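Below: the structure, in structure tokens.
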Amino acid sequence: MSYDDRIEELLEDMSIFEDWTEKYEFIISLGRKLPPMPDCYRKPGNLIKGCQSRVWVGTELADGKMIIHADSDSLITKGLIALFIRLLSGLSPAEIMKANLLRLDECGLKEHLASTRANALSTMAATIQKAAAAL
């Protein structure tokens with residue numbers, strides 16, 4: 001599935017919720033469903049700087065596709081990074097680098113996050129695209 005298909009599906013999934021409490025619950029549930037992060041990625045070099053919570057992001061290349069592993073010590077932050085995994089993991093580095101991650105703003109997420117979490121969202125996106133560029 002392409003990035004465009006994935007973002008459309010996510011935006012559609014989020015549109016069914018009537019209020020932001022339900023949307024937050026959905027995001028948190030995505031984080032709870034993340035598989036455990038392999039210990040080899042849980043190292044200081046994979047911590048995202050500038051996030052209020054601790055967020056680790058590790059990547060690997062498998063069959064030309066970038067696989068993203070992530071974890072956080074905060075439920076909402078873990079859910080936010082899970083959004084990026086849902087949108088980007090399994091795509092090629094080239095697809096990830098050209099993905100318009102600003103489309104995520106269409107669901108109104110940044111407007112409903114504390115400014116520190118909204119900034120963390122941008123930092124997560126930049127970190128993943130930088131990792132894709134390095135592969």
Side-chain angles (χ1 to χ4, degrees):
M1 184 182 299
S2 72
Y3 170 75
D4 289 334
D5 292 337
R6 291 176 183 200
I7 189 69
E8 288 300 328
E9 182 181 84
L10 178 64
L11 293 172
E12 187 176 309
D13 287 351
M14 291 193 72
S15 73
I16 64 171
F17 302 109
E18 295 188 17
D19 64 41
W20 271 95
T21 302
E22 292 174 336
K23 289 182 185 190
Y24 283 131
E25 289 172 8
F26 171 72
I27 291 167
I28 290 169
S29 75
L30 291 177
R32 285 189 172 127
K33 292 175 188 171
L34 276 182
M37 183 179 199
D39 288 338
C40 64
Y41 296 110
R42 193 181 298 275
K43 54 188 178 185
N46 286 341
L47 271 171
I48 296 181
K49 293 171 181 54
C51 290
Q52 181 176 330
S53 305
R54 294 189 315 164
V55 184
W56 294 267
V57 175
T59 60
E60 65 178 297
L61 196 60
D63 298 321
K65 306 292 184 185
M66 190 167 116
I67 308 302
I68 304 167
H69 305 279
D71 197 10
S72 177
D73 59 1
S74 159
L75 285 176
I76 188 69
T77 305
K78 189 171 183 170
L80 294 174
I81 197 66
L83 289 174
F84 287 113
I85 290 174
R86 178 176 170 176
L87 291 172
L88 302 171
S89 191
L91 298 177
S92 72
E95 290 173 299
I96 291 171
M97 288 171 37
K98 73 176 188 176
N100 179 4
L101 298 179
L102 294 176
R103 295 243 8 240
L104 191 54
D105 293 346
E106 291 176 26
C107 70
L109 183 60
K110 272 191 169 180
E111 300 163 13
H112 290 87
L113 291 172
S115 62
T116 54
R117 288 225 165 89
N119 289 338
L121 198 64
S122 298
T123 303
M124 289 177 203
T127 299
I128 292 169
Q129 286 189 314
K130 184 178 176 183
L135 292 176

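Model, not experiment: these values are computed from the prediction.
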Rounded at 0.5 Å granularity, tell me how far [atom1] in [X] sits from [atom2] in [Y].
X: Leu87; Y: Leu10; atom1: CG; atom2: CG; answer: 5.0 Å
X: Leu88; Y: Lys65; atom1: CG; atom2: NZ; answer: 12.5 Å
X: Leu80; Y: Leu75; atom1: CG; atom2: CG; answer: 11.0 Å
X: Arg117; Y: Leu109; atom1: CZ; atom2: CG; answer: 11.0 Å
X: Ser72; Y: Gln52; atom1: OG; atom2: CD; answer: 10.0 Å
X: Leu34; Y: Ile85; atom1: CG; atom2: CD1; answer: 4.5 Å

Can you name the nearest heavy-atom pair linking Leu11 to Glu106, along with the distance?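 Closest approach of Leu11 to Glu106, heavy atoms only: CD1-OE1, 3.4 Å.
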Would you name the heavy atoms of Asn46 and Gly58 that are closest together and state the gap between them? ND2-CA, 4.0 Å
Would [X] end up clustered with [Y] when hydrophobic side chains under 4.5 Å apart are linked, directly or stepwise?
X: Ile128; Y: Leu102; value: no
X: Leu113; Y: Ile81; value: yes
X: Leu83; Y: Ile28; value: yes
X: Val55; Y: Leu104; value: yes
X: Met124; Y: Val57; value: yes

Sequence neighbours left out, what pairs pass salt bridge (charged side-chain N to carboxylate O under 4.0 Å, His left out) with at least one residue falling in residues 33-61?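 Output for this query lists Arg42-Asp71, Arg54-Asp73.
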For residues 79-93, which residue pairs pass the salt bridge (charged side-chain N to carboxylate O under 4.0 Å, His left out) check, not counting sequence neighbours? Glu9-Arg86, Asp13-Arg86
Determine whether [X] and [Y] make a side-chain contact, defined as any pair of heavy atoms from C-beta on separated by less than 4.5 Å.
X: Lys110; Y: Ser122; value: yes
X: Asn100; Y: Ile7; value: no
X: Glu95; Y: Met66; value: no
X: Ile76; Y: Ile27; value: yes

Any donor-acceptor N/O pair, [X] side chain to [Y] backbone, under 3.5 Å:
X: Gln129; Y: Ala99; result: yes
X: Arg6; Y: Met1; result: yes
X: Asp19; Y: Thr21; result: yes
X: Tyr3; Y: Ile96; result: no

Do Lys78 and Ser53 pair up side chain to side chain, a donor and an acceptor below 3.5 Å, judged on atom types alone? no
Keeping to residues at least two apart or across chains, list the ring-ring contact (aromatic ring centres under 6.0 Å, His included) pairs with something in residues 82-109. none
Using the ring of each side chain (for Trp, its six-membered ring), is Phe17 parallel, tilted or perpendicular to Phe26, with breaks at 30° and 60°?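 Correct class here is tilted.
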